[in-house]
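Just the heavy atoms: all of them, side chains too, but no hydrogens, waters or symmetry mates, feed the values below. Numbers here are sequence positions counted from 1. These numbers come from a predicted model, not from an experiment.
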Amino acid sequence: IYALADIVNGLADERDFEEFSGYYPADVKSEEEKRNFIKTASFVITNDMTISSEDGFQGIGFYNASESSAFSGSIDGQKHTITFDIDSADYYGQSIQRYFAFVGYLAQSDEMNSPVIENIQFTGDILLNENFTYVASAVGYMNTGTAVSNIVSDVHITNQCTTSSSRVGGIAGCNLGTISNVECYS
């Protein structure tokens, strides 16, 4: 998941691309072609995992005023559990994206009409000390034409920002897409 996030967010090194070797079509050669392919691909989660700010996870996909790198693919969690251990103070002094969730920014692309995040259980803690804009367990910002379904979220999100303009949600920080069949205890 960390390699996927790094590739989509434009932070990948050669090792990240190597994790997906054998996954790229034969005609996909350059790092930019590989990145564009990964951003629109479909993935299946095969085990439970913990996502930690200490390990540098910032979400899959982002948007800010100077650039955008949306995830436009699909992820099927097969009912596996993703546990958050996030303290935004761990990012102090770093250039971080402001959309935080498992998928930071989910949007349609020309290559795929219906990005979907589905069949995942989220648990754990997200502590906000920095000014994130859109925060949630599944998707920080869901653009039109996207969907989240079959999600269970029991993530405790604590906002300690004093100047925050954060939009915090249990499933999505901002939803312009479709959310269905979810349970949220956040």
Side-chain angles (χ1 to χ4, degrees), residues 1-9 12 16 19-25 34-53 55-63 68-86 97 99-126 132 134-157 167-186:
I1 290 298
Y2 288 86
L4 173 61
D6 285 349
I7 291 170
V8 171
N9 296 344
D16 294 322
E19 283 203 34
F20 295 98
S21 64
Y23 191 72
Y24 308 109
K34 290 176 181 179
R35 181 174 181 233
N36 288 333
F37 175 78
I38 291 293
K39 286 169 56 173
T40 61
S42 294
F43 296 92
V44 175
I45 296 173
T46 58
N47 58 345
D48 295 348
M49 66 184 76
T50 297
I51 292 176
S52 169
S53 54
D55 294 332
F57 185 80
Q58 294 189 30
I60 302 167
F62 72 93
Y63 175 88
S68 170
S69 187
F71 179 67
S72 301
S74 295
I75 299 175
D76 182 346
Q78 298 188 107
K79 300 290 183 194
H80 286 288
T81 299
I82 295 175
T83 302
F84 287 106
D85 180 17
I86 302 296
Q97 53 101 350
Y99 291 37
F100 187 84
F102 178 62
V103 175
Y105 184 48
L106 185 66
Q108 288 181 303
S109 71
D110 293 337
E111 292 86 16
M112 184 171 191
N113 293 327
S114 303
V116 177
I117 308 303
E118 62 185 348
N119 303 319
I120 305 173
Q121 297 181 45
F122 294 100
T123 189
D125 297 289
I126 299 174
F132 286 92
Y134 298 101
V135 180
S137 61
V139 181
Y141 188 96
M142 290 177 59
N143 216 330
T144 57
T146 64
V148 167
S149 65
N150 301 318
I151 300 290
V152 176
S153 179
D154 189 12
V155 176
H156 301 100
I157 301 172
R167 285 124 180 121
V168 178
I171 302 295
C174 177
N175 174 32
L176 302 176
T178 302
I179 296 177
S180 63
N181 196 26
V182 299
E183 296 177 36
C184 184
Y185 307 102
S186 300

Is there a side-chain contact between [X] and [Y] in this structure, where contact means two heavy atoms from C-beta onward sitting under 4.5 Å apart?
| X | Y | answer |
| --- | --- | --- |
| Phe102 | Ile1 | yes |
| Gln108 | Asn143 | no |
| Ile7 | Glu19 | no |
| Val103 | Val148 | no |

Shortest non-hydrogen contact between [X] and [Y], atoms and distance:
| X | Y | result |
| --- | --- | --- |
| Lys34 | Tyr24 | CB-CE2, 3.5 Å |
| Val116 | Ser149 | CG1-OG, 4.4 Å |
| Gly170 | Cys184 | CA-SG, 3.5 Å |
| Val139 | Ala101 | C-CB, 3.5 Å |
| Ile38 | Phe71 | O-CE1, 3.8 Å |

- Item | With Asp85 via side chain to side chain donor-acceptor pair (under 3.5 Å) - residues at least two apart |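 For Asp85, no residue satisfies side chain to side chain donor-acceptor pair (under 3.5 Å) once neighbours in sequence are set aside.
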- Going by the angle between their ring planes, with limits at 30° and 60°, are Tyr141 and Tyr105 parallel, tilted or perpendicular?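 Answer is tilted, since the angle falls between 30° and 60°.
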- Message: Are Tyr99 and Phe62 an aromatic pair, judged by ring center distance below 6.0 Å?
- Response: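 Centroid separation for Phe62 and Tyr99: 6.0 Å or greater.
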- Message: Just verifying a value: how many Å separate Ile151 CD1 and Asn119 CG, rounded to the nearest 0.5 Å?
- Response: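 CG of Asn119 is found 7.0 Å from CD1 of Ile151.
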- Query: Out of Asn175, Ile171, Ile117, which one pairs with Met142 under the side chain to side chain contact (heavy atoms under 4.5 Å, CB included) rule?
  - Reply: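 Running side chain to side chain contact (heavy atoms under 4.5 Å, CB included) over Asn175, Ile171, Ile117 with Met142 returns exactly one hit, Asn175.
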